[in-house]
Number of protein chains: 2
Amino acid sequence: MTTAEETAGGEKQPWAEVTPDAARRLLVAAVEAFAERGYHATTTRDIAGRAGMSPAALYIHYKTKEELLHRISRIGHEKALDILRTAARRDGTPSERLADAVSSFVRWHAGGRTTARVVQYELDSLGPDARAEILALRRQCDAEVRGIIEEGVAAGEFDVLDVKGTTLAVLSLCIDVARWFNVDGPWTPDEVGALYADLVLRMVGVK
Amino acid sequence: MTTAEETAGGEKQPWAEVTPDAARRLLVAAVEAFAERGYHATTTRDIAGRAGMSPAALYIHYKTKEELLHRISRIGHEKALDILRTAARRDGTPSERLADAVSSFVRWHAGGRTTARVVQYELDSLGPDARAEILALRRQCDAEVRGIIEEGVAAGEFDVLDVKGTTLAVLSLCIDVARWFNVDGPWTPDEVGALYADLVLRMVGVK
DNA sequence: CGGTGCTCTAAGCAACCGCTCACCTTCGGC
DNA sequence: GCCGAAGGTGAGCGGTTGCTTAGAGCACCG
């Protein structure tokens, strides 16, 4: 009833690695609740209720409410890093790889908006240790994109004034998709991905 | 060139219009607390404490905690709209006006990051009525930027495939500055503004 | 001087929060 | 048939939340 499946956007079975079935149901429920109301506004009773369980059941599988957010954040960031890494290391020119990286990264943020929203916007709700761990993953995402841009500049394909700043802007553009996408928007994730790939190629000065 | 009231990293006095002095102190305290911890994680006791008052004093000037967020959001959005409107309606070519709009809009998000963060990211914490009012202001922001881009296309200065999508991307890029700026970044608001103005001109295909 | 309105405080209420505990059910192995 | 582990529940604890109430201090005004 709440937020229908995002199968339309292409989210497959992203939480298959969460092994006890009840633990996965709780985690999926937490993703939905966090995305809708935010971490602090979500109660453990709400999460357990969405998973069809009593409030106490949550604490059999997770030590605290924050551990749920931590798990969601880590798995999500690993998925995001995997997407960028795959695009960065395939065959092709820097232009092709950058376009691939941006379009698939944007598709993930648009199609799995529920997940992406939690992953990208609830970072500050984590404690210092968990936060530092996630930030390390985020720096790796940054490095993958910067690598493509640097190669494009070295190959003479790109014309960029500030590599670091442009990298940050490209990632920022993609990430913010999770904030605005599909509040009854007229675009599919594929369309936004294609549009954004074009815009980013313009940003790096592809002739 | 720049409105010099924005000192580096510091807050200006944009809240001069909030008339009883105690009410303004409470509102400024709320902006800081909401930006640091988020709306739901902020307690009314924390807000009152920052303003040097007892918890009950808050309710003399504001009916609820949500009314504080509403006031902050409305004033902030009006300021943002004012910035875009000023840039859009000044003299100059579409390229010049777009660059001006982007750089000043970005400067506001970077320099007044505390305020901008609350304004842009705590919208969902408002009730339906207040939320609808703010969304109307946001659509006006969108219309100002789209207007500049449409004029640039009509004048043959810009080469844009999807005006609506590009407008959204430009605003998204600027808004997301409030999320990442100054987490020990090496840039000043002016530098980010200049970089982003260049990137946006590339996005709209200025020759 | 007594009243009047405004600002602020100390104390506290009802509700809700994250989380725990004693206890119940199910089920495979022997 | 018995047992211990694993997964689940209802009840509830201590603490915190947004907000209220009774009343104190204080300028102003007839």
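Every chain is numbered from 1, with letters handed out A, B, ... down the list of sequences.
- Looking at heavy atoms from C-beta onward, A/Arg50 lies in side-chain contact with A/Asp46 at the 4.5 angstrom threshold.
- Going from atom OH of B/Tyr62 over to atom P of D/dG18 covers 16 Å, rounded to whole Å.
- No side-chain heavy atom of B/Tyr39 sits under 4.5 Å from any side-chain heavy atom of B/Leu123.
- One interatomic measurement links the two molecules: NZ of A/Lys65 to P of D/dT16, which rounds to 16 Å at whole-angstrom precision.
- Nearest to the side chain of B/Thr44, among D/dG8, C/dC19, D/dG18, sits D/dG18.
- The side chain of B/Ala56 has D/dT20 as its nearest neighbour among D/dT20, D/dT9, D/dG12.
- Phosphate contact (OP1/OP2 of D/dA6, side-chain N/O of A/His61, threshold under 4.0 Å): absent.
- In this pair, B/Phe105 and B/His109 present their aromatic rings perpendicular. The plane angle is above 60°, beyond the 30 to 60° band.
- Ranking D/dT9, C/dC8, D/dC19 by closeness to the A/Ser54 side chain, first place goes to D/dT9.
- Considering only the side chain of A/Thr43, C/dG18 comes nearest among C/dG18, D/dG18, D/dT9.
- For the pair B/Ile60 CD1 and C/dG5 P, the computed distance is 17 Å after rounding to whole Å.
- The interatomic distance linking A/Tyr39 (OH) with C/dG18 (C1') rounds to 9 Å, in whole Å.
- If you check the side chains of A/Arg85 and A/Gln140, you find a donor sitting under 3.5 Å from an acceptor.
- Closest to the side chain of B/Met53, out of C/dC8, D/dT9, C/dG12, is C/dC8.
- Atom pair A/Asp46:CG and C/dC19:P shows a separation of 15 Å (rounding to whole Å applied).
- Atom CZ of B/Arg25 is separated from atom C1' of C/dT7 by 11 Å (rounded to the nearest Å).
- Separating the CG atom of B/Leu58 from the C1' atom of D/dT21 is a distance of 16 Å, rounded to the nearest angstrom.
- One can place OH of B/Tyr59 at 18 Å from C1' of D/dA22, the figure rounded to the nearest angstrom.
- Comparing A/Ala41 and A/Lys63 by the nucleotide of DNA chain C whose heavy atom lies nearest to each, the residue mapping closer to the 5' end is A/Ala41.
- Note: A/Trp187 and A/Trp180 have perpendicular aromatic rings, judged against thresholds of 30 and 60 degrees for the angle between ring planes.
- Distance from the side chain of A/Arg45 is smallest for C/dC17 among the nucleotides D/dG18, C/dT7, C/dC17.
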